[in-house]
**Student:** 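Can you read through this structure? Questions will come right after.
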Amino acid sequence: PGLLQKIKNGRLLPDESYDIIIDSSVVKLAKPDPAIFRLAESKAGIKGNQILFVENSQTHINIAKKLGWQTFLYDSAKPIISSRKLLERCKTFFN
């Protein structure tokens, strides 16, 4: 509890306007439980194939894939390469 606020206070979350934020400490669900993925779909009001899930855990990627989500495995050890690849993936996903 409170981690999301600490992340915001530390400016680790981009200062964007988010329609939906699901705080696992509030909803009492966490990855890799498929229920948190289903909750995200429900809150967003869209199907999984319309979601691009960016994650650095293969376990979490596998769950999202099983639910039909589009996924991108981000390699935190190689942020420049991963960010470039993600940008390219976003170009195809959002077009």
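The first residue in the sequence is number 1, and the count goes up from there.
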**Student:** How would you list, by chain and number, every residue that makes a salt bridge (charged side-chain N to carboxylate O under 4.0 Å, His left out) with Lys31, sequence neighbours excluded?
**Tutor:** Glu55
**Student:** Considering residues at least two apart in sequence or located in another chain, which fulfil the side chain to side chain contact (heavy atoms under 4.5 Å, CB included) criterion with Ser42?
**Tutor:** none
**Student:** Is any side-chain heavy atom of Ile61 closer than 4.5 Å to one of Ile63?
**Tutor:** no
**Student:** Nearest heavy-atom pair of Ile36 and Ser24: which atoms, and what distance?
**Tutor:** CD1-CB, 4.1 Å
**Student:** Where do Pro32 and His60 come nearest, in terms of heavy atoms and distance?
**Tutor:** CB-CD2, 3.6 Å
**Student:** Quick one: side chain to side chain donor-acceptor pair (under 3.5 Å) partners of Gln50, sequence neighbours excluded?
**Tutor:** none
**Student:** Look only at the side chain of Tyr74 and the backbone of Leu86, and say whether a donor-acceptor pair between them is shorter than 3.5 Å.
**Tutor:** no
**Student:** Looking only at heavy atoms, what is the nearest atom pair of Ala40 and Ile22, with distance?
**Tutor:** CA-CD1, 3.4 Å
**Student:** Return the set of residues passing side chain to side chain donor-acceptor pair (under 3.5 Å) with Lys91 (not counting sequence neighbours), or none when no residue passes.
**Tutor:** Glu88
**Student:** If you look only at pairs with a residue in residues 24-49, which of them pass as a ring pair (Phe, Tyr, Trp, His ring centres under 6.0 Å), with sequence neighbours excluded?
**Tutor:** Phe37-Phe53, Phe37-Trp69
**Student:** What I'd like to find out is whether the side chain of Asn56 reaches to under 4.5 Å of the side chain of Asp75, using heavy atoms alone.
**Tutor:** no
**Student:** Apart from Leu12 itself, what residues make up its hydrophobic cluster when side-chain heavy atoms of I, L, V, M, F, W and Y under 4.5 Å apart count as a link, directly or indirectly?
**Tutor:** Leu3, Leu4, Ile7, Leu13, Tyr18, Ile21
**Student:** Grouping I, L, V, M, F, W and Y whenever their side-chain heavy atoms are under 4.5 Å apart, do Leu52 and Ile46 come out in a common cluster?
**Tutor:** no
**Student:** Whether the side chain of Thr92 engages the backbone of Arg89 through a donor-acceptor N/O pair (distance < 3.5 Å, no angle test) should be reported.
**Tutor:** yes
**Student:** First locate atom CZ of Arg84, then atom NZ of Lys78, and finally report the distance between them rounded to the nearest 0.5 Å.
**Tutor:** 13.0 Å
**Student:** Considering the options Gln5, Arg11, Lys6, which one meets the side-chain hydrogen bond (donor to acceptor under 3.5 Å, both in side chains) requirement together with Asn9?
**Tutor:** Gln5
**Student:** Could you check if a side-chain atom of Phe72 sits within less than 4.5 angstrom of a side-chain atom of Cys90, using non-hydrogen atoms only?
**Tutor:** no
**Student:** What is the minimum heavy-atom distance between Ser25 and Gly2, and which atoms define it?
**Tutor:** OG-N, 4.3 Å
**Student:** Nearest 0.5 Å, please: how far is OG in Ser76 from CG in Leu73?
**Tutor:** 8.5 Å
**Student:** Heavy-atom distance under 4.5 Å between the side chains of Arg38 and Leu67, does that happen here?
**Tutor:** yes
**Student:** Should Ile51 and Ile20 be regarded as members of a common hydrophobic cluster, given that ILVMFWY residues are connected when their side-chain heavy atoms come within less than 4.5 Å of each other, either directly or indirectly?
**Tutor:** yes
